[in-house]
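To start, the structure under review is shown below, and the notes come after it.
Here is the naming used below: chain letters follow the sequence lines, and residue numbers restart at 1 for every chain. All figures in this text were calculated on a predicted structure; none of them were measured in a lab.
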2 protein chains.
Amino acid sequence: MEEKKNPKHCGACLTKLPIFKSLSEEQFDLVNQIRCRVKFRPGEVIFKQGTAMTHIIVVNEGLVKIYLEGINNRNLLLRFARPVTIIGGPGFFTDFRNHVTTMAVEETSACFIDINTLSELIKVNKDFSADLLKWVNTHTINNYRKLIELTQKGMHGRIAGALLYLSEEVFNERNGDIPIKRQDLADLTAMSKESAIRILKEFKDEHIITVEGNTIIINNKQKLAQISTTG
Amino acid sequence: MEEKKNPKHCGACLTKLPIFKSLSEEQFDLVNQIRCRVKFRPGEVIFKQGTAMTHIIVVNEGLVKIYLEGINNRNLLLRFARPVTIIGGPGFFTDFRNHVTTMAVEETSACFIDINTLSELIKVNKDFSADLLKWVNTHTINNYRKLIELTQKGMHGRIAGALLYLSEEVFNERNGDIPIKRQDLADLTAMSKESAIRILKEFKDEHIITVEGNTIIINNKQKLAQISTTG
DNA sequence: AAAAATCGTTGATAAATATCAATTAATTAT
DNA sequence: ATAATTAATTGATATTTATCAACGATTTTT
């Protein structure tokens, strides 16, 4: 975990975040001043569930996963996040704790912005808090979808949906191949690792996907979409 | 569905809502002006998932349930709400649609407040939007809990947890007896109605609960709490 | 009050899913 | 490179949970 202070101006980064667009130049400079950029290696925890929420981050480079630490050392993977994304959490304005764990999956660099500064901005800038509200509500909609996905679909449908999500939203810059750990896929679909592997094998036998070591290649996206909704 | 306009001043009602405490007298009066009180009979839908979100409500009397309409006519019951509670939804500031269905369980009366008025208040009143953010984040924390509860606990633990929730947070003004439909209990715990009934029977045989027709009486809260966490 | 509809219950069975154990492949550290 | 560790895979089996069907009880409607 290597720490650098403001290696470059963060304008390029923040302008990509709709949520920061409503900041005035002055407010924006403030964020630029106080931010602190840190690098993480794969597997390193950025925020740990249960700890005090002192900062939010903006992911600049790499890939992180966000998950709930549940019962009996089982995790529930909520989502992955690519640059440029702001990672906050529901502890904001409530108990100021981290309710999820955030971990670097690839080599990742992120800017830390402290909660107090953020709170100031919200108090001063109405548009900003409206944007934040919108952002939080978007997540709630996703959580609702996830609740239905995980409680009302069988394993085939869940794996199919997960593969589509990974290919379209996480690894979309690759040629449709998905490098994912089996345990992560299992955590994403709330099943055992062995079950996830078995479904993958079925898909492989039906030529819907090709598996080459760690990476999964989607051959028949249509079919996956159909399995995701039907089965 | 019977409609009355401002049968009485809503001060008593709104002061009970922390979220409305930050309103100025003027803003508060505005809400009082535009609000519209409506009565619902058990089983009547107040908001239907998928429709445009034109209002929020404040539940004054009765009991409502809030659920997701999922796959194959299966519902996922998110929570019940008692007076005095504000019922909004994640459509606010996003797509302005209802993402959940809200239904009266007992005879219920609720005040409708239109979205535009609410939006105005948010733009004018910073504290109000901060409160709203806090409120939404609280719900997100609950959704996370629910995700773990439903995906990582067995049926016994889920039913135990649901009974505790119902007794402590929904029917807490009764002497510990819970009048609930079996289907609602099943929807709350994401299992089939038959399975829910079977778990209830097991609890009954172990004298943890007593079942008298529609109502469930908790005899051993400790044991339920233990089952909820352990099993 | 009778009929119709809904709700609760139970048993038998099938389907879905997890667990355990063993083995092989891949990755990381020495 | 070689050893040590971690990850992927597979089979056998047990557990969990749903489905289907039947029936009795309750509530609602006519």
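C:dA25 atom C1' lies 15 Å from atom NZ of A:K181, rounded to whole Å. The interatomic distance linking A:I216 (CD1) with D:dA7 (P) rounds to 16 Å, in whole Å. Distance B:R41 CZ to D:dT28 C1': 12 Å, rounded to the nearest Å. One atom, CE of A:M155, and another, C1' of C:dT17, lie 5 Å apart when rounded to the nearest Å. Computed from coordinates, the B:I180 CD1 to C:dG8 P distance equals 10 Å when rounded to whole Å. Nucleotide C:dT27 holds its P atom 13 Å from the CD atom of A:E212, rounded to whole Å. Between the C1' atom of C:dA12 and the CD atom of B:E194 lies a distance of 13 Å, rounded to the nearest Å. Atom-to-atom, NZ of A:K193 to P of D:dT9 comes out at 9 Å; the value is rounded to the nearest Å.
Between A:E69 and A:K48, at least one side-chain N (NZ, or NE/NH1/NH2) sits under 4.0 Å from a carboxylate O, which counts as a salt bridge. Note on A:K221 versus A:E168: salt bridge recorded, some NZ/NE/NH1/NH2 to OD/OE distance being below 4.0 Å. Using a 4.0 Å cut-off between a side-chain N of Lys or Arg and a carboxylate O of Asp or Glu, B:E149 and B:K153 qualify as a salt bridge. A salt bridge links A:R82 and A:E106; the closest N-O separation between the charged side-chain nitrogens and carboxylate oxygens is under 4.0 Å.
Each end of the helix from C:dA1-D:dT30 to C:dT30-D:dA1 yields a helix axis from five base pairs, and these two axes differ in direction by 50° (to the nearest 10 degrees).
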Q) Can A:K39 and A:E44 be said to form a salt bridge (Lys or Arg N to Asp or Glu O under 4.0 Å), step by step? A) CA-CA 10 Å; A:K39 258 190 169 177; A:E44 285 188 327; over 6 Å; no
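Scanning both residues, A:F80 and A:Y165, for their nearest heavy atoms gives N-OH, 3.0 Å. The nearest pair of heavy atoms linking B:F92 to A:N137 is O-ND2, 2.6 Å. Shown here for A:P90 and B:Y144, the closest heavy-atom pair between the two residues is CG-CE1, 3.6 Å.
The side chain of A:N214 contributes no N or O atom lying less than 4.0 Å from OP1 or OP2 of D:dA7. The side chain of B:S195 places no N or O atom within less than 4.0 Å of a non-bridging phosphate oxygen (OP1 or OP2) of D:dT17. Between C:dT19 and A:S192, no contact under 4.0 Å exists linking OP1 or OP2 to a side-chain N or O.
Among D:dT17, D:dT9, C:dC7, the nucleotide with an atom closest to any side-chain atom of A:R182 is D:dT9.
Within 3.5 Å, no donor on the side chain of B:Q183 pairs with an acceptor on the base of C:dC7, nor the reverse.
Map A:A190 and B:G213 each onto its nearest nucleotide of DNA chain C; the residue landing nearer the 5' end is B:G213.
Ring planes of A:F203 and A:H156: tilted class, angle from 30 to 60°.
Listed in residue order, the members of residues 196-206 of chain B having a heavy atom less than 4.0 Å from DNA chain C are B:I197, B:R198, B:K201.
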